[in-house]
Number of protein chains: 2
Amino acid sequence: MTVQEQVEIVDAAKVLKLLGDKTRLTMMKILADHDCCVCEFVEIFGMSQPSISQHMRKLKDAGLVEEERRGHWIFYSIREDHPHVQLVESVLASLPSQDDKVKELIKGGKRICC
Amino acid sequence: MTVQEQVEIVDAAKVLKLLGDKTRLTMMKILADHDCCVCEFVEIFGMSQPSISQHMRKLKDAGLVEEERRGHWIFYSIREDHPHVQLVESVLASLPSQDDKVKELIKGGKRICC
DNA sequence: TTATTATATAACTATATGCTTATATAATGA
DNA sequence: TCATTATATAAGCATATAGTTATATAATAA
């Protein structure tokens, strides 16, 4: 019905708005292949730690990512049980791989493994 | 290369940002099935004409839609030759049909045909 | 030509966004 | 316990965004 469709399209718009930021979009593309922690993204984007944390917060609040603590670090990963996973995955699938960023992280000895 | 990917993901983010507004997203979903003019969208969204025009302008500037004059009206339609058509189409495909809005337009005698 | 009609643009406003620096919190491990 | 480290939050700022009303433009049709 109309109401149901309205709600869905509004929700989809919210998801797309979140993905409509180049930093968050790149984060999501990276997370699709590698769990990462905040400090790794700080390194990758050359951006302040609070800025990264705030982006992750938005993604987490929307249910797009989830967190898991491992030792000192909190690793983020993409939630597979989000109502719009399919939308998100199809968007991410259309993007070029960002593996080079993780490779560079490893090369610089900044990749966290645990 | 990194530069190429950077550019692409940045462009995709711009497209997604445009789609990340509920009004524009709904417009695009409607346009996927029906060419429409500004005054029809004014009717559908109950929003001022300039507001609709400004949204269409953004979509046009990004190359997502094109215009064609027919009599009094300028009809907008989705451009099939946009570099991110595939991204756009896959997003729109995941949305519920908005045909009811056009049906209501017809029922109210506000649908423009020419 | 001139009136009408559809659309575009200008100017403005309120709110949202993305970033920064400074500070707080929370967990680890010595 | 206490220092360290990673992350989160607060506060502030500059810019972007989405809407409004008022006005301009452009095409049709009388």
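The figures that follow rest on heavy atoms only: side chains count, while hydrogens, waters and symmetry mates do not. Given the structure is predicted, the values throughout are model-derived calculations rather than measurements.
- Among the protein residues, B:Met47 comes within range of the sugar-phosphate backbone only, with heavy atoms under 4.0 Å from sugar or phosphate atoms but none that close to a base.
- Between the C1' atom of C:dA6 and the CD atom of B:Glu68 lies a distance of 16 Å, rounded to the nearest Å.
- Between C:dG18 and A:Arg24, a contact under 4.0 Å exists linking OP1 or OP2 to a side-chain N or O.
- Side chain of B:Ser51, nearest nucleotide from C:dG29, D:dG19, D:dT9: D:dG19.
- Taking only side-chain nitrogens and oxygens, B:Arg57 never comes nearer than 4.0 Å to OP1 or OP2 of C:dA8.
- With C:dT20, C:dT7, D:dT7 as the choices, the nucleotide that has an atom nearest any side-chain atom of B:Ser53 turns out to be C:dT7.
- Distances were taken from every side-chain heavy atom of B:Val38 (C-beta onward) to each of C:dT28, D:dT9, C:dA8; the shortest belongs to C:dA8.
- When the nearest nucleotides of DNA chain C are assigned to A:Arg69 and A:Gln49 by heavy-atom distance, the more 5′-ward of the two goes with A:Gln49.
- Taking each heavy atom of A:Lys29 and A:Leu95 in turn, the nearest pair found is NZ-O, 3.1 Å.
- As a whole-Å value, the separation of A:Asp21 CG from D:dA16 P is 14 Å.
- Within the structure, a side-chain polar atom (N or O) of B:Tyr76 is placed less than 4.0 Å from OP1 or OP2 of C:dA8.
- Residue B:Glu67 is in sugar-phosphate contact alone, with no base atom involved, counting any heavy-atom pair closer than 4.0 Å across all strands shown.
- For A:Gln54, the listed nucleotide lying nearest its side chain is C:dT20; candidates were C:dT20, C:dT7, D:dA8.
- With contacts defined as side-chain heavy-atom distances shorter than 4.5 Å, the pair B:His82/B:Val15 qualifies.
- One can place CD1 of A:Ile74 at 11 Å from P of C:dA26, the figure rounded to the nearest angstrom.
- Each of B:Arg70, B:Arg111, B:Arg79 was checked for a salt bridge (charged side-chain N to carboxylate O under 4.0 Å, His left out) with B:Asp35, and the lone residue meeting it is B:Arg70.
- Salt-bridge formation is detected for the pair A:Lys60/A:Glu67: a Lys NZ or Arg NE/NH1/NH2 atom is positioned less than 4.0 Å from an Asp or Glu carboxylate oxygen.
- Taking atom CG of residue A:Asp35 and atom P of nucleotide D:dT7, one finds them 13 Å apart after rounding to whole Å.
- Counting any heavy atom pair closer than 4.0 Å across all strands shown, B:Lys58 reaches sugar-phosphate atoms only and no base atom.
- Residue A:Phe45 is out of contact with every strand shown, counting any heavy-atom pair closer than 4.0 Å.
- If you check every strand for non-hydrogen atoms under 4.0 Å, A:Lys17 touches sugar and phosphate atoms only.
- The CD1 atom of B:Ile112 sits 7.5 Å away from the CG atom of B:Leu105 when rounded to the nearest 0.5 Å.
- Between the CG atom of B:Leu59 and the P atom of D:dA18 there is a distance of 10 Å, given to the nearest Å.
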